[in-house]
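Order of listing sets the numbers, starting from 1, for every ligand and every atom in it. We count residues from 1, following the sequence as given.
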Amino acid sequence: MGEEKRKLFSAVQPSGAVTIGNYIGAIKNFVALQDEFDCIYAVADLHAITVRQEPAALRKNTLELMALFIACGIDPEKCILFVQSHVPAHCELTWVLNTLTYPGELSRMTQFKDKSAKHADNVNMGLMDYPVLMVSDILLYQAAVVPVGADQKQHLELTRDLAIRFNNRYSETFTVPEAYIPKGSGAKIMSLADPSRKMSKSDENPNGYVTMSDDRDTVIRKFKRAVTDSGNEVRAAEDKPGVSNLIAIYGAFTGKSAAEIEREFEGKGYGDFKLAVGETVADALAPVQAEKARLLKDKAYLNGVMKRGEEAAARIARKTLSKVYRKVGFYQGE
Ligand code: AQP
């Protein structure tokens with residue numbers, strides 16, 4: 001009899017066109033991990049509305065992200081793929097966990113501070129409570145492993161704290177998860193326009209990011225315009241954040257190490273290197289884009305995947321939630 005695989009949960013928000021940062025930091029690993037773990041992947045639409053979304057765009061982005069997951073190689077026969085708002089247990093567990101969370105824990109989160117500054121006209125309670133919803137996403141499925149980009153490490157720590165807090169207060173209920181942050185430089189991809197900031201799909205400057213649906217010319221143009229550093233040597237170094245970021249991107253798409261890339265471009269300038277990165281990324285995106293377009297034409301198939309995912313996710317989530325309700329003392333009939 002085979003050993004039961006450990007559960008793994010992760011999600012991406014349908015808050016815009018998915019970037020190569022999301023791909024390198026998240027989706028690429030989702031694909032690589034699907035044989036080793038029991039994977040549960042969500043389109044995190046409940047998270048997305050913590051900043052204003054245009055309703056029609058949110059619906060479209062949700063479907064597109066589902067198609068992108070599959071086009072990138074996530075197999076809905078192997079993994080549970082679902083839309084977060086389809087499983088009400090996420091909100092229900094969030095309410096219970098809110099009663100164990102202190103405002104100070106949430107107000108000091110880097111993402112909350114960044115997003116509050118960026119959306120100063122809409123600093124809502126959801127934005128502050130975002131990490132507790134993320135904690136619920138993970139704990140509902142008793143996930144042991146959570147692959148996230150380095151930017152989400154703080155939220156993972158809160159997940160562990162709340163799981164331990166609940167287990168101590170009531171009794172052993174939740175698995176305490178581990179972060180899975182991929183080794184190497186691919187963990188955090190920076191903006192092409194400002195390498196001191198992370199690449200984000202909601203960046204107001206479209207030259208800062210490359211999306212998974214950008215066409216070949218756009219990809220090459222964005223890399224040509226990417227901010228580089230003084231000098232002209234292709235070398236990863238702390239004082240070369242722009243070039244280091246391009247090396248990380250090139251490495252993620254080719255599997256080459258920084259040292260191999262430095263050797264490959266020895267004696268060549270930034271221009272040649274940027275063109276090579278642009279062409280490599282464009283080549284890698286083309287088949288994914290074609291497959292995504294094909295899937296988007298087959299809505300019945302995508303709806304079926306979402307429905308099956310919802311049912312499978314809800315089954316696990318319900319089980320955890322009724323355990324939680326019992327532990328906190330909610331009357332559930334005799
Ligand atoms: N620049 C990045 N480098 C590496 N990984 C990244 N991730 C995001 N940006 C980078 C990883 O992508 C996953 C999904 O992210 P998300 O959509 O849930 O939210 P996010 O981290 O807030 O991503 P964005 O692109 O910055 O979205 P917006 O602009 O809407 O806030 C996560 O695992 C994240 O680590």
Side-chain angles (χ1 to χ4, degrees), residues 8-33 39-54 57-58 61-62 64-66 68-69 72 74 83-84 90 109-119 122 126-127 130-131 133-135 137-138 143 145-157 159 177 179-206 208-214 226 241 244-249 251-253 281:
L8 175 153
F9 178 91
S10 203
V12 178
Q13 300 181 76
S15 47
V18 171
T19 70
I20 56 167
N22 301 127
Y23 175 72
I24 296 169
I27 302 173
K28 186 167 172 265
N29 299 309
F30 294 1
V31 178
L33 295 166
C39 296
I40 302 160
Y41 297 128
V43 175
D45 55 350
L46 294 171
H47 277 102
I49 61 163
T50 55
V51 304
R52 278 194 199 102
Q53 302 292 333
E54 209 271 295
L58 180 59
N61 288 335
T62 299
E64 292 226 352
L65 181 49
M66 192 49 84
L68 180 68
F69 274 160
C72 286
I74 296 177
V83 177
Q84 191 187 24
H90 291 252
M109 290 285 170
T110 310
Q111 181 178 290
F112 174 64
K113 288 195 241 169
D114 288 353
K115 289 204 171 173
S116 302
K118 205 157 137 191
H119 305 277
N122 184 27
L127 195 58
Y130 182 112
L133 179 59
M134 184 169 154
V135 171
D137 297 340
I138 297 163
V145 183
V146 185
V148 286
D151 59 311
Q152 294 290 335
K153 218 169 144 187
Q154 242 188 354
H155 293 168
L156 232 293
E157 267 148 31
T159 309
Y180 176 95
I181 295 177
K183 283 173 227 67
S185 52
K188 191 169 178 185
I189 300 302
M190 310 310 280
S191 159
L192 298 186
D194 174 2
S196 68
R197 288 174 34 201
K198 89 162 179 145
M199 183 181 284
S200 266
K201 57 175 115 62
S202 60
D203 192 336
E204 62 283 354
N205 178 5
Y209 55 78
V210 170
T211 79
M212 295 297 286
S213 32
D214 280 345
S244 303
N245 190 39
L246 295 180
I247 290 179
I249 295 171
F253 279 97
V281 173

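- Heavy atoms of A48 found under 4.0 angstrom from ligand 1: none, in either backbone or side chain.
- Aromatic pair F30/Y180: ring centres not closer than 6.0 Å.
- Residue V12 places a heavy atom under 4.0 Å from ligand 1.
- When P147, S10, S15 are checked for heavy-atom proximity to atom 30 (O) of ligand 1, S15 turns out nearest.
- Considering V145, L8, V146 as possible partners of I138, the one that fulfils the side-chain contact (heavy atoms from CB on, under 4.5 Å) test is V146.
- Crowding of K153 atom NZ: a count of heavy atoms from other residues, nucleotides or ligands under 6.0 Å not exceeding 12.
- For atom 32 (C) of ligand 1, the nearest non-hydrogen atom from the set K198, K153, Q152 belongs to Q152.
- Distances from ligand 1 to the non-hydrogen atoms of K115 include at least one value under 4.0 Å.
- The shortest separation from a heavy atom of A44 to ligand 1 is not under 4.0 Å, leaving the residue out of contact.
- Judged by the shortest distance from any of its heavy atoms, N22 lies inside the 4.0 Å radius around the atoms of ligand 1.
- Ring geometry, Y41 versus F69: the interplanar angle falls from 30° to 60°, so the pair is classed tilted.
- Residue T19 has no nitrogen or oxygen atom sitting less than 3.5 Å from a nitrogen or oxygen atom of ligand 1, judged on distance alone.
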